Amino acid sequence: MKSAQKHTRTLLLAPVTAATSARSAAFDTRGGKYATIEIVLGAKANTNSTNVTVQLAEGDTTSSFVTFNSAFNVTQDATTNGAVGVYHVDLKGRQRYLRLTLTPDTHTTNGVIITSAVGILDPEFRNPANSSNASFVVVG
């Protein structure tokens, strides 16, 4: 018996080849009880330090956002293999919108970093070991 998937995937930030400035996307969480945000940081072009600041904020509108958990604000060094970040958010008590902002270093000598992000909204609460946390996993 086949059943429909209950969660909804949204492409928040499409991959771009020249991600040298901040990019943001608002994620409407209406109808969801749990959200997962997957962030992909491409491999850096050289051995210079190339960091990407990752921030997640919330707001009742798409024009005003505030940080709700400092664990969702991290600076990640894009490795020569790339990195994948995952945010798990319990939406209970959260405002309607989440905003993800990715800000790569602006040093042109460090090269550009390709970044992208997908938001997954689930109408049912999932209970992972840590449901309001951010973690990054180095790939490769």
Side-chain angles (χ1 to χ4, degrees):
M1 177 179 189
K2 293 183 179 181
S3 62
Q5 291 182 347
K6 295 181 181 179
H7 60 268
T8 304
R9 287 183 173 271
T10 302
L11 180 62
L12 299 176
L13 295 171
V16 295
T17 58
T20 55
S21 60
R23 299 191 310 143
S24 294
F27 184 32
D28 188 348
T29 63
R30 182 171 45 175
K33 293 185 180 174
Y34 187 78
T36 299
I37 298 176
E38 299 171 344
I39 303 150
V40 178
L41 306 179
K44 60 185 173 184
N46 53 46
T47 58
N48 293 331
S49 176
T50 305
N51 295 324
V52 178
T53 302
V54 181
Q55 298 173 313
L56 190 66
E58 69 176 352
D60 280 334
T61 69
T62 58
S63 61
S64 177
F65 292 90
V66 296
T67 298
F68 63 93
N69 184 333
S70 62
F72 290 116
N73 295 333
V74 298
T75 298
Q76 176 65 33
D77 180 22
T79 70
T80 54
N81 296 320
V84 175
V86 180
Y87 284 169
H88 299 289
V89 184
D90 178 356
L91 297 175
K92 183 178 180 184
R94 297 274 62 89
Q95 295 181 18
R96 178 173 172 181
Y97 297 95
L98 296 176
R99 181 185 66 195
L100 175 69
T101 303
L102 303 179
T103 309
D105 283 344
T106 57
H107 306 291
T108 56
T109 57
N110 291 344
V112 299
I113 295 293
I114 298 173
T115 59
S116 64
V118 173
I120 304 165
L121 188 62
D122 199 318
E124 297 177 1
F125 179 72
R126 303 291 180 209
N127 193 15
N130 200 345
S131 64
S132 290
N133 207 351
S135 60
F136 272 85
V137 178
V138 176
V139 176

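In this text the structure is predicted, and so the values were computed from the model without any measurement.
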Look up atom OH in Tyr97 and atom OG in Ser63, then write down how far apart they are to the nearest 0.5 Å. 9.5 Å
Pair Leu100, Leu98 - check side chain to side chain contact (heavy atoms under 4.5 Å, CB included), show working. CA-CA 7 Å; Leu100 175 69; Leu98 296 176; over 6 Å; no
Looking only at atom types and distance, does a side-chain atom of Arg23 sit under 3.5 Å from a main-chain N or O of Ala14, one as donor and one as acceptor? yes
Heavy-atom pair of closest approach, residues Leu13 and Ser24: CD2-O, 3.8 Å
Does the pair Thr115 and Val40 meet the rule for a side chain to side chain contact (heavy atoms under 4.5 Å, CB included), with working shown? CA-CA 6 Å; Thr115 59; Val40 178; over 6 Å; no
Check step by step if side chain to side chain contact (heavy atoms under 4.5 Å, CB included) holds for Val84 and Leu41. CA-CA 6 Å; Val84 175; Leu41 306 179; over 6 Å; no
Pair Thr53-Thr103, side-chain donor/acceptor within less than 3.5 Å: no
To the nearest 0.5 Å, what is the distance between CD on Glu38 and OH on Tyr87? 13.0 Å
ring-ring contact (aromatic ring centres under 6.0 Å, His included) partners for Phe68, two or more places apart: Phe72
Rounding to 0.5 Å, atoms CD (Glu58) and CZ (Arg99) come to a distance of 11.5 Å
Would Leu56 end up clustered with Leu91 when hydrophobic side chains under 4.5 Å apart are linked, directly or stepwise? yes
Determine whether Phe65 and Phe27 fall in the same hydrophobic cluster, where Ile, Leu, Val, Met, Phe, Trp and Tyr are linked whenever their side-chain heavy atoms lie under 4.5 Å apart. no
Remaining members of hydrophobic cluster (4.5 Å side-chain criterion), Val118: Leu11, Ile120
Spacing of CD belonging to Gln76 relative to CG belonging to Leu102, to within rounding of 0.5 Å: 11.5 Å
Shortest non-hydrogen contact from Ile114 to Pro15? CG2-CB, 4.0 Å
When Val89, Val86, Leu121 are each screened for side-chain contact (heavy atoms from CB on, under 4.5 Å) with Thr36, the one that passes is Val86
Tested for side-chain hydrogen bond (donor to acceptor under 3.5 Å, both in side chains) against Arg96, the lone hit among Thr61, Asp28, Thr62, Thr29 is Asp28
Any side-chain heavy-atom pair of Leu12 and Ile37 under 4.5 Å: yes
